[in-house]
Novice: 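Once you've had a glance at the structure underneath, I'll fire off some questions.
Letters go in sequence order (proteins before strands), and every chain restarts at 1.
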Protein chains: 2
Amino acid sequence: MATGRTHRPATRSRGIPEATVARLPLYLRALTALSERSVPTVSSEELAAAAGVNSAKLRKDFSYLGSYGTRGVGYDVEYLVYQISRELGLTQDWPVVIVGIGNLGAALANYGGFASRGFRVAALIDADPAMAGKPVAGIAVQHTDELEHIIESNGVSIGVIATPAGAAQQVCERLVAAGVTSILNFAPTVLTVPDGVDVRKVDLSIELQILAFHEQRKAGEEGGPDSGGPAVAARAAAAVADDRKGPDGDMPAVMPA
Amino acid sequence: MATGRTHRPATRSRGIPEATVARLPLYLRALTALSERSVPTVSSEELAAAAGVNSAKLRKDFSYLGSYGTRGVGYDVEYLVYQISRELGLTQDWPVVIVGIGNLGAALANYGGFASRGFRVAALIDADPAMAGKPVAGIAVQHTDELEHIIESNGVSIGVIATPAGAAQQVCERLVAAGVTSILNFAPTVLTVPDGVDVRKVDLSIELQILAFHEQRKAGEEGGPDSGGPAVAARAAAAVADDRKGPDGDMPAVMPA
DNA sequence: CTCTGTGAACTAGTTCACAGCT
DNA sequence: AGCTGTGAACTAGTTCACAGAG
């Protein structure tokens, strides 16, 4: 990933591990809930439980941000909410465009979690002319032709791609050319981007497949306790036997919508 | 997390690293695309490029499954598709229920990537009586009252939660009590489950927050830092502290018209 | 000679356990 | 006392680099 050479071995203070960054939103969510209940302080143990991690990890994570706790007491909820928000860049407003207003795009447009975290849906964009002008989540959908203009005039730097897989790369290129430098990709395809552009992907079917893997393992476990290890040879042989069948006539691509 | 269980150092053959499992669906997708184009074999280099990883990692990943390649040549596409499918448990049929048919639930129901990978939507379930009977993606929505009955009579072991956050834990408990042992959670909340139940979560706003973090860093590189004073806690807390809403917006638009 | 498969070296991430502040 | 903050030990994951199959 873009992590390639961003390596700055220098300044220790700005070296927050990626794994920690990925957990900050989790802590923020837990802290927000506490804040709403007007809880003034929280210990690493309590907060860790609320966020679903262990407390040593949480303390270590916070230690990368600075020393924001009070020994013997815990963390001040409001203060920590502020610090994490600032670290994540949520104290500023991020205009976002969503491209591809199918089922998923509409769900995203309606998703409350965006707006409440400093993200503002600046525009909804779809290639279907019939969609143009239709309101989704209170915003009129605009045609793809407007893409560059929207990005530039709103200073959008974050784009969300919720198009079919076949359109994603092209949309991505237009977004990047227009100035977008961070992309959240829901299309089940690998996007190629120039250096300096970040891509994160969310693939719904991948998550299910990972679950299926573990589920299958559970099921196998009951049949025979620790059935032997030489399974590999046997499996390989069996597989070769039924080798080249057209496994599934099943299907075309993996496209959303 | 469910990772709690002790690693069995024994039988190497069954010790596929979690990171590798998470990439298998990616390889499978790339291979499926090649298969459709009737490409017979592929090298680790080519396949790695298509999947967006580096080739050493890919070879190492495959080495955990067995020796399915041919030195000097590469991998047989069809054979590898079969091996990975089987490893992931996709050669069997997984009935899945989706609970919470809002925008997101509907998007999931319509998502082609599920059906094409051995997942079958056995039922759509919603708590709103007004939804009952309405067809979504060609399937009539059923009321939550039917949940236990549906799970049991269809032998469902995988459940997808797309309800608002407030309902998620309760739905989760009912799913688990009825026999579900793998859950894909889209609600922005931490689910507590008994041992032996797997949970994977997808949080749309977390991904955006991670992007914002990196985006901020890029911007900060050039101009002056916003160097927020430590005292400004109130503003940030107000900005961040609000909803606790579901993934789909029951919430109307957050945007001023 | 080409490309896989894999030990070995390295890097990132997690957990432990305790010093030290309040 | 109680709890944070953190070096040190450990574990998981990645990359290197090359032996060896075809």
Side-chain angles (χ1 to χ4, degrees), chain A residues 1-9 12-24 26-27 31 39-49 51-77 79-80 83-84 210 232-233 236, chain B residues 1-9 12-24 26-27 31 39-77 79-80 83-84 210:
Chain A
M1 194 151 286
T3 350
R5 76 349 181 88
T6 320
H7 259 166
R8 171 189 309 209
R12 188 188 90 267
S13 91
R14 282 286 111 176
I16 301 180
E18 199 46 42
T20 295
V21 172
R23 281 188 296 266
L24 292 180
L26 226 54
Y27 300 142
L31 284 164
V39 176
T41 61
V42 66
S43 69
S44 62
E45 203 71 55
E46 294 164 323
L47 183 54
V53 304
N54 85 34
S55 66
K57 194 186 286 184
L58 177 143
R59 287 200 303 279
K60 182 67 111 181
D61 283 342
F62 286 177
S63 80
Y64 294 116
L65 309 184
S67 291
Y68 295 149
T70 307
R71 292 166 196 239
V73 178
Y75 300 91
D76 180 279
V77 172
Y79 184 55
L80 201 47
Q83 290 300 343
I84 295 178
I210 296 170
V232 171
Chain B
M1 209 158 270
T3 352
R5 62 64 148 10
T6 348
H7 266 207
R8 119 175 32 167
R12 189 187 99 265
S13 91
R14 281 285 114 176
I16 302 180
E18 197 49 40
T20 294
V21 172
R23 281 187 295 267
L24 292 181
L26 226 54
Y27 301 142
L31 284 164
V39 175
T41 60
V42 66
S43 70
S44 62
E45 205 71 56
E46 295 165 323
L47 184 54
V53 305
N54 85 31
S55 66
K57 194 186 285 185
L58 177 143
R59 287 200 303 278
K60 183 66 115 183
D61 283 343
F62 286 177
S63 80
Y64 293 118
L65 308 184
S67 291
Y68 296 149
T70 304
R71 291 167 196 237
V73 178
Y75 300 91
D76 180 280
V77 171
Y79 184 54
L80 202 46
Q83 289 300 341
I84 295 178
I210 296 170

Novice: Would you say D/dG5 has OP1 or OP2 under 4.0 Å from some side-chain N or O of A/Tyr75?
Specialist: yes
Novice: For A/Val53 and A/Leu58, which heavy atoms make the closest approach, and how far apart are they?
Specialist: CG2-CB, 4.2 Å
Novice: Is any side-chain N or O of A/Ser43 closer than 4.0 Å to OP1 or OP2 of D/dC3?
Specialist: no
Novice: Expressed as a whole number of angstroms, how long is the span from B/Phe62:CZ to D/dA21:P?
Specialist: 22 Å
Novice: Output the rounded distance in Å from NZ (B/Lys57) to P (C/dT11).
Specialist: 15 Å
Novice: In whole angstrom, give the distance that lies between atom CD of A/Glu18 and atom P of C/dT11.
Specialist: 18 Å
Novice: In whole angstrom, what separates A/Asp76's CG from D/dC3's C1'?
Specialist: 15 Å
Novice: Whole-Å distance between D/dT6 C1' and A/Tyr64 OH?
Specialist: 9 Å
Novice: If the cut-off is 4.0 Å, is A/Ser44 near the phosphate of D/dC3, judged by side-chain N/O to OP1 or OP2?
Specialist: no
Novice: Just by protein heavy atoms under 4.0 Å, how would nucleotides 16-22 of chain C read 5' to 3' in B, S and -?
Specialist: -B-BBBS
Novice: Given that B/Asp61 and A/Asp61 both sit by DNA chain C, which one's nearest nucleotide is further toward the 5' end?
Specialist: B/Asp61
Novice: Take the protein atom CD1 of A/Ile16 and the nucleotide atom P of C/dG13, then report the distance between them rounded to whole Å.
Specialist: 12 Å
